[in-house]
Every structure is written in structure tokens, then in C-alpha cells.
Amino acid sequence: MKASKFHLFTTRETPAEAEIVSHQLMLRCGMIRKLTSGIYTWGPLGLRVLRKVEEIVRDELNKAGYQEMLMPAVQPAELWQETGRWKKFGGQLLKIQDRAGRDYCFGPTHEEVMTDFVRNEIRSYKQLPITFYQIQTKFRDEIRPRFGVMRAREFLMKDAYSFHSDHQCMDKTYWEMYDVYTRIFTRTGLHFRSVEADSGAIGGNKSHEFHVLAESGEDQIAFSDQSDYASNTEMTAVAAPRGERAAPTEELRTIDTPDTHTIDELVNGYGVPIEKTIKTLVVHAADDNEADFVALLVRGDRTLNPLKAEKLEQVASPLLFASDKDIHDSIGAGPGSLGPVGLSLPVVADQEVALMSDFTAGANSDDQHYFGINWDRDVESPLTADLRTAVEGDNSPDGKGVLQMARGIEVGHIFQLGTAYSESMNAVVLGEDGKSHVMHMGCYGIGVSRIVAAAIEQNNDESGICWPEPIAPFQLALLPMNAKKSHRVREAAENLYVELIDAGVDVFYDDRNLRPGVMFNDMELIGIPHRLVIGERGLDSGMLEYRQRKDTENSEIPLDGAVDAILHKLGMN
RNA sequence: CGGGGUGUAGCGCAGCCUGGUAGCGCAACUGCUUUGGGAGCAGUGGGUCGGGAGUUCGAAUCUCUCCACCCCGACCA
């Protein structure tokens with residue numbers, strides 16, 4: 001590609017709207033332009049990268065024997081009403097009407113359309129298992145789109161769906177897909193990690209996420225320093241603490257604690273060690289519970305894990321905290337003065353809380369706390385559960401090693417859906433036994449456009465983007481110095497350009513006649529991994545200058561045999 | 001949806017408080033010079049001051065209203 005024929009529009013100034021580095025750089029080098037909130041146009045440069053990612057994904061899926069298809073972006077309401085998601089999906093579902101007033105949505109995902117397709121196409125267990133996928137523009141009306149293409153409303157996603165006659169077969173494909181994903185992300189050249197995950201709104205049982213590791217990642221992931229264990233911290237199990245509860249050494253006493261409503265105030269004002277305090281959180285109870293509310297106890301320095309809490313049978317799902325008024329009405333004290341002793345609500349304590357002794361908690365009376373509380377002696381031992389969020393240094397739940405934390409950007413997610421959709425949509429096959437069987441399903445997503453942004457988050461420096469080679473928009477930048485004045489330079493560059501193209505190199509030839517500094521800065525900004533400079537200086541000695549994007553020093557390549565040398569650098573021969 | 005903020009040239013901003021007919025830098029265009037790390041000089045074009053209503057002789061500036069966008073919280077590839 002010649003620069004003179006390529007729409008490259010870079011800016012020195014950072015657009016004010018861009019918060020994170022990938023968004024800033026994508027705008028600065030013209031990869032994307034915003035049309036409206038959360039909706040972006042991909043320019044020629046951006047599309048090149050998007051296509052490279054897409055091709056890696058497509059190639060690995062094809063190799064694995066999965067079949068590509070393309071489903072409609074616009075989907076009729078009836079399908080979504082069949083699974084109940086027309087209502088359940090919530091505000092993220094963009095609903096539209098045609099001229100006759102019929103309801104449609106712009107597809108945020110394609111389980112319904114896919115399941116409909118398969119129930120009409122597949123009749124016999126002999127046709128299973130089968131896996132289809134597509135690469136499609138999706139629309140989710142995010143409450144708050146942000147970070148450019150990272151969390152856009154319209155985005156490009158690869159979604160795959162597998163169908164099986166039984167759970168075991170689904171499980172097998174699930175793990176195959178896990179391996180395919182591992183190959184895909186390995187091939188992108190990005191640092192990534194797979195983690196156990198919550199299956200969330202899409203439903204189902206087993207689930208893994210694939211994260212690109214980057215400081216700016218929105219998710220926190222936990223992994224063991226001594227085993228393969230890794231999970232999203234939103235669901236990381238905390239191993240049951242070992243050891244016995246210490247015997248009481250203190251008397252229970254009531255202390256006046258005016259204006260003390262937080263753990264910090266308690267610790268700072270009364271010298272209580274924070275590990276000897278308990279936080280009491282009041283949440284709405286599940287519908288079939290006798291009480292309206294449930295009290296959850298965690299140690300003062302711990303954070304309640306909402307996902308764990310809402311999975312408790314006693315607790316309403318989704319999790320809803322009681323209002324100050326609810327708490328006053330049912331307990332007679334404010335939220336800053338609660339504790340297990342004398343509490344009229346059902347209590348569930350985090351497992352480590354049950355091992356505490358001589359601890360401090362609110363007295364369920366404003367401006368008073370109990371000190372020296374001990375289980376059994378002062379209050380009945382509570383029901384326990386794993387309630388807190390895991391932190392760095394916790395024992396790994398698999399019993400091997402200690403947890404470490406990292407930040408990640410979720411770029412892939414695989415689920416075992418089971419029969420959640422096939423049952424409500426009556427997707428059945430005839431089995432060996434001549435009877436109908438509901439198909440088992442798996443579903444597997446990759447955020448293609450998000451990968452582009454994540455790649456930049458992980459690979460950039462002061463000068464711009466440093467693309468991993470497999471997804472770079474071009475492999476090589478060819479920069480002639482002052483070609484307008486120098487015949488030799490121009491001629492050598494033109495010849496080399498043609499030879500490189502013939503050799504199959506994706507080369508960006510900067511024939512724009514700009515000052516060298518401008519070219520260098522542009523090439524570094526858009527992150528082309530390899531750079532070749534042709535100038536009078538080098539030609540005198542028959543040399544070209546070569547540099548990799550991440551290097552700071554040039555090396556020399558003889559003009560004679562330069563193409564072979566470059567192919568070698570690019571790993572193409 | 002709640003809380004905060006911003007809308008003035010393609011981009012980044014000043015002007016608004018204290019009303020008087022719109023400006024700076026970058027980018028773009030023309031010419032000349034320059035050419036190994038975002039050049040210099042001279043010149044040129046480009047604005048419904050987010051929209052509407054109001055106050056006023058006069059509104060970018062004051063008032064009301066609507067809209068868009070951005071940031072902080074709960075969702076997700």
C-alpha cells in the first residue's frame with residue numbers, strides 16, 4: 001500500500017473525549033471515528049486490524065470443524081417472547097418497529113435465532129453434535145457506553161453455538177472450544193488468561209472467561225501462584241479457614257460510641273483491631289423466606305461478594321440492600337449500629353466470622369457497640385457461608401498455593417447452556433430410542449472489536465501503538481528520506497516496494513514526500529512492527545536502516561539481498 | 001436511572017462573570033524556501049457560538065426550556 005493512496009489522518013492532539021489510552025490512540029491515528037454515543041465508524045486503518053483479528057478467529061474455528069453462517073441482525077419479537085427474554089433482557093435490548101407496528105429487536109446475541117434455525121434443520125441425533133458460528137455486528141443499548149470501542153453499544157462479535165444430544169457430549173465440545181480459544185488468543189500475540197467465571201444473564205452452569213491482561217482492565221482476576229487455578233474475582237471461592245475458634249478472654253460489655261457508624265470510626269476511635277470487628281449488612285430476603293430481611297456478617301476489613309450473597313437461598317436475587325428506613329423499622333437502630341447480638345433477623349455469617357472471638361459489633365441501638373462478643377456464650381453460633389470477596393494472599397481454593405491478582409479485559413466467554421433455550425423453544429431431536437430429546441447447547445462468544453482496543457491497552461508506549469505482529473495493520477513501513485530530491489532514493493524505494501509486494505509482504509510505502517520526522521512519528525503512532533529507511537547516507541555504502549517498533553536502535557541491512565533479509569525478520573522464510 | 005460536567009472552525013481551547021456584531025494554537029488550502037525526528041515566511045478559506053423561546057435598541061454572553069456529548073455508580077463480548 002502506498003501512503004499517497006491510503007487515507008491516513010493522524011493528529012498530534014489528544015481528543016478530549018477519550019479517557020483511556022487505546023481510545024485516544026485509535027482516534028489519533030484515525031482507526032475509528034465516533035458517529036454517536038457508543039457507535040463507531042471503522043476507517044481503513046482500523047478495519048485492517050479488525051479483519052486480521054477476525055481472520056485468526058475464523059481460521060481456528062474452521063480448522064476445528066465449526067461452520068460459519070450469517071444470521072440476521074434484526075430479529076422478530078416472537079422469538080424473544082418464546083424464551084421470555086423480550087422482557088427479561090431489559091433496557092439493553094434495542095427494540096424497533098416496522099411500518100406495520102410489528103416488534104423487532106436489533107440482535108444483542110443470537111441464541112434465539114440460532115436455536116430456531118437448528119430446531120428446523122436438525123431432526124436426528126445422527127446429525128449431532130454440530131457447531132455453527134458467525135461474525136456479526138451486535139447491538140446492546142449499554143447504560144453507559146465508554147472507552148470507545150472497548151465498551152461500545154454496536155460492536156463486532158463472534159458467536160458460536162453447539163448442539164448435542166446429551167450433557168456429556170456438550171461438555172466435550174465445551175472443552176474443545178476452550179482449546180480453540182486458547183489457540184486463537186495465543187495467535188493474536190496477546191498476553192491472556194482464562195478464568196472460571198459466573199455465567200451471568202445468559203444462564204447455564206459451567207463458564208470460562210478469557211481475559212487480555214492489562215492494567216486498565218475492568219475485571220479483576222485471581223490466580224494461584226502454584227497451580228492452574230484462575231477465576232474472576234467476582235466469583236472466586238474463598239477456602240474455609242483452618243483452625244479452631246479461640247476461647248473467650250474478654251467479658252461482653254456495652255460501650256457508648258457516639259457518632260461511630262463505620263468500621264473506620266470504630267477502629268480509629270476505640271483502638272479496636274479491624275480483624276476484631278464485624279460488619280452487618282442487611283439485605284432483602286428471598287420471597288419464600290419468613291422474614292423480610294436477612295443480615296449478612298463479614299469481618300470489618302472484608303468486602304461482601306454480591307454474587308455469592310445472592311446465590312444464598314435465604315437472599316433475594318438480584319441482591320438488594322435494605323434502605324435505612326427498612327433497617328430502622330425492623331431493627332430500631334441505624335445501619336451503623338448493627339450486630340448479631342440480640343438481632344431479630346435471620347443471620348448468615350461469612351465462614352471466617354464464625355471463628356472470631358472477643359470481637360466488636362453494633363449493639364442494635366444507636367450510638368452503642370458491644371465489645372468482647374463471643375459466639376455461643378453471648379449469641380448463638382450463626383449459619384455460615386462463603387460470603388466475602390477473595391483478596392490477594394488468600395489460599396487458593398484448590399488447596400495449592402496462594403492467590404495473586406491481576407487486571408483483565410474480558411474478550412471471550414464460553415458457556416454451557418444445557419437445555420435452557422432448547423427447552424423453552426422446543427428444540428428436539430429424535431434419539432436412538434425413537435423418542436424426542438431436548439438438545440443440549442453450548443454458546444461461545446469473542447468480542448472481536450474489543451480485542452483491537454485490548455491489544456492497544458496492552459501494547460503501547462509514548463509514541464503510540466506497538467501492534468503484535470499477527471494483528472498489525474501492516475507488517476513493514478518503507479520510508480524513503482527526501483525522495484523528492486534524490487533519484488537514487490526514490491528509485492531504490494520504488495524497486496524495493498515492488499519486490500516486497502511480490503514477496504507477499506504487507507508493506508506500507510510512505511511516498512508522501514514529507515519531512516522525515518513526520519513519517520517516523522506517523523509510523524510509530526500507528527504501530528507498524530518493522531521499519532525500513534532508505535536514505536542517501538545509507539545508499540552510499542549500499543545499506544538500508546532497519547528497526548523494530550519496540551527497539552530504540554537501528555541496525556543495517558545490505559540493499560543487496562534486502563528482501564530475503566526482511567522476509568527472515570518477518571518470519572516468512 | 002441517579003449524581004457531576006461540557007457544548008464557540010476539522011481538533012484543542014479562550015471569550016461569558018461585567019451584553020456592543022467572534023478570537024488563539026494545531027490542522028486544511030496557495031506560493032516560495034526547507035528536507036534524517038511533528039519546518040520557516042507570506043497569504044487564503046472555513047463559524048446556524050448545540051436547538052428553540054424570552055429579556056434587550058442590541059445576546060456567544062442574561063433567563064427559561066429542550067437536546068447532545070463526557071465523567072462517577074449498577075450491566076456485559
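Just so it is clear, the structure is predicted and the values come from calculations on it, not from any experiment. Note on naming: letters A, B, ... go to the chains in the order of the sequence lines (proteins, then strands), and numbering restarts at 1 for each one.
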Whole-Å [atom1] distance, [N] and [M]:
N: rA74(B); M: rA28(B); atom1: P; answer: 43 Å
N: rG46(B); M: rU56(B); atom1: P; answer: 35 Å
N: rC72(B); M: rG20(B); atom1: P; answer: 37 Å

What's the closest nucleotide to the side chain of [X] if the choices are [options]?
X: Thr36(A); options: rA77(B), rA68(B), rC70(B); answer: rA68(B)
X: Arg144(A); options: rC76(B), rU35(B), rG73(B); answer: rG73(B)
X: Ala16(A); options: rG12(B), rU35(B), rC76(B); answer: rG12(B)
X: Arg140(A); options: rG12(B), rA77(B), rC75(B); answer: rA77(B)

*asked:* Can you confirm whether the side chains of Thr14(A) and Gln24(A) place a donor and an acceptor under 3.5 Å from each other?
replied: no
*Side-chain donor-acceptor pair under 3.5 Å between Glu13(A) and Thr11(A), yes or no?*
no
*Rounded to the nearest Å, what distance is computed from the CD atom of residue Glu13(A) to the C1' atom of nucleotide rA28(B)?*
14 Å
_Atom-pair distance (CZ on Phe139(A); P on rC75(B)), nearest Å_ = 20 Å
*So, for Glu536(A) and Val489(A), which heavy atoms are closest and what is the spacing to 0.1 Å?*
N-CG2, 3.5 Å
*Check each of Lys206(A), His208(A), Gln416(A) against Tyr174(A) using the side-chain hydrogen bond (donor to acceptor under 3.5 Å, both in side chains) test, and report the only one that passes.*
His208(A)
*Looking across every strand, which nucleic acid part, if any, lies under 4.0 Å from Glu209(A) by heavy atom: base, sugar-phosphate, or nothing?*
nothing
_Using a heavy-atom cut-off of 4.0 Å across all strands, would you classify Lys158(A) as base, sugar-phosphate, or nothing?_
nothing
*Which one is paired to rG10(B), where only Watson-Crick or G-U wobble pairs with both distances under 3.5 angstrom count?*
rC26(B)
*Partner of rA60(B) by Watson-Crick or G-U wobble geometry, both contacts under 3.5 Å, or none?*
none
*asked:* Whether the side chain of Arg407(A) engages the backbone of Gly217(A) through a donor-acceptor N/O pair (distance < 3.5 Å, no angle test) should be reported.
replied: yes
*Examine Arg140(A) relative to Phe106(A) and say whether NZ or CZ is less than 6.0 Å from the centre of the six-membered ring and inside a 45° cone about the ring axis.*
no
*asked:* I'd like to compare against my own output: the B/S/- annotation of nucleotides 36-41 of chain B with a strict under-4.0 Å heavy-atom distance to protein.
replied: BBBB--
